[in-house]
Structures are given as C-alpha cells and as structure tokens.
Amino acid sequence: MKALVYLIGGIIFGFGLAYSGMTDPRKVQGFLDIFGAWDITLIFVMGGGLTVTLIGYHFIFKRHSPIFTDTFCLPTNKHIDKNLISGAVLFGIGWGLYGYCPGPAVAALSYLDSDTFLFVFAMLAGAYLQRRLTKTSS
Amino acid sequence: MTMYLPALIGGMLIGVSACILMLFNGRVAGISSFVQKLLSKRPSQETFNSALFLTGLIIGALALYYLDGQRITPPESNPVLIIVSGLLVGFGTSLGSGCTSGHGICGLSRLSLRSLTATLCFMASGIATVYIVRHML
C-alpha cells in the first residue's frame, strides 16, 4: 500500500507540475528575471502549494502517526550550516542557468526531448559526485 | 488574473501530493531526495519507493499531454550549459539536502528555519544568475 501511495503521489505531483507550467524552463527563468520580463506564474504555483501543504501538515501532524507506517520520518537536522547554504546557492545557480529543478526535469522526461535527458543525466552525475566527495572526506 | 489559475491549481495539486505522502507514509515530498536514493549503492525498499514516485512524475506529465496535448519543447540551448546546469542542480541539492519541493514547499510548511534559509538562498542565487546572464553578459 505504501508503494501505491508513492506512485499515486508522484502522478498527482507530476500532473500538477505540468498543469502549472513549471515543466517549461522559460516560465521559471521568467520568474527569476525579476529585473527584466518578470513572469509571476511561479508565485502562484508556490502559493497554491504552500497553502495546501501548510494547512494539510497542520492537521496531519496532530496525528500520533501516519496511516501506513509507525512514525513520521522528518529531517532532524536543525543546524543552518555552510553545507545547507552553499548547496542552496549552487542549486540556485544551476536552476537559474537553465530553469529546471529536479521535479520538473524528471516530469519533462515524458516529452522525450534529448536536452531533458542530458539535464537529468548531468543532475544524477552531480549528485553522485557530491556523495563521493562526502565519502572521501569522512 | 484568471491566466494564473492553472498555476494555482497545479500548485495546489503539488500540495495535495505532499499531504498524501505525509499522511500515509510520513514522508517529505522532496524530489532531490528521491533522485539521490536512486544512486544508493545498496538498492533497498527506499530506492524502489523513490523510483515509483519519480515514475509517477513522468506518468502525471504524460497524462496531461494525453488529455490536452500540452507538451513543452525546451528552448534551444548549448549542451555545455545544460550539463553545467544539471551538475550544479544535482550537486547543490545533494549538498544542501533539498530543492524547491523539499525545502520550498514541505520545509516551509513545517515552519523549518533551515528550509527558509535554503529557500531564500536558492531564490537569491537563481535571481542573481538570471540577472547576470540576461542583463550583464
């Protein structure tokens, strides 16, 4: 059942991404171009997402446990460290350069464009590199 | 204003997905985490669950395409730019433990200060990057 939730959750998420226009890198870069031709579409996407999730989480966390599992698996790290900041900054640069973040990029694979496959491949490579670097230093 | 209705609805669907994942499986809908789980040396149930969610993303976008023919052709771009961008997104989300869904939607909804910091940082660097590329180079 848990597996089905992942699949259905993914389908709803992917549909939402495509319906909102976020699978179009131009729209994302348009939002980031606040000093130029500013496209505020992403604000509505984030707004819609945040409203539903804020309210939803508020009620969900009143429960002592999720429905199909025993505990809420939430991130425990509360430190704002240099990894968080530098990681976010690097992610933002990549995001700004092309206009894709992980979700839209994976969803856009459905359009079968070679550029998207190249991006996702590079994204996997980048994540792999980061994990390797962490392993060699620890 | 109605031209932004699809964006709002799409965003709300993303929120619904995040709530479903948390209510039933107790998990944050963080796409970059799911992507990274695919890279695990020892595939586990987590790897499989992540693959299911990511497959769902593709199916969801495909469903919309079949419903109303909505498909996006990305703009012509230099392959080097695409590779560099992808590398940075992959590296950065791994280092920073999240992306726009994990930090931006789920993290902020949990009132996480870490996620707020991360979101402000990637928004700022994204805006700065576009500014430099479009208005300075």
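The figures here come from the full heavy-atom set of this structure, side chains too, leaving out hydrogens, waters and symmetry mates.
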Select one option (side chain, backbone, both, neither) describing which atoms of [X] are under 4.5 Å from chain A's heavy atoms.
{"X": "B:Ser50", "answer": "neither"}
{"X": "B:Arg71", "answer": "both"}
{"X": "B:Leu81", "answer": "side chain"}
{"X": "B:Met3", "answer": "neither"}
{"X": "B:Ile132", "answer": "neither"}
{"X": "B:Tyr131", "answer": "side chain"}
{"X": "B:Ser32", "answer": "both"}
{"X": "B:Val133", "answer": "side chain"}
{"X": "B:Leu120", "answer": "neither"}

Does any part of the side chain of A:Tyr57, heavy atoms only, come nearer than 4.5 Å to the side chain of B:Ser109, both counted from C-beta?
yes
Are B:Gln45 and B:Asn49 linked by a side-chain donor-acceptor pair shorter than 3.5 Å?
yes
With a 3.5 Å cut-off and no angle check, do the side chains of A:Tyr111 and A:Thr23 form a donor-acceptor pair?
yes
Between A:Ser110 and A:Ala107, the two heavy atoms sitting closest are OG-O, 2.7 Å
B:Pro75 to A:Pro25 - nearest heavy-atom pair and separation
CD-CG, 3.8 Å
Structural part of [X] lying under 4.5 Å from a heavy atom of chain B:
{"X": "A:Pro104", "result": "neither"}
{"X": "A:Phe59", "result": "neither"}
{"X": "A:Asp70", "result": "neither"}
{"X": "A:Thr116", "result": "side chain"}

Run the ring-centre check on A:Phe44 versus B:Tyr4 and record whether the distance is less than 6.0 Å.
yes
B:Met12 atom CE, neighbour heavy-atom count above 12 within 6.0 Å:
no
Report, as yes or no, whether the 6.0 Å neighbourhood of atom NE2 on A:His79 holds more than 12 heavy atoms from other residues, nucleotides or ligands.
no
Geometric class of the B:Phe122/A:Phe91 ring pair [parallel <30°, tilted 30-60°, perpendicular >60°]:
perpendicular
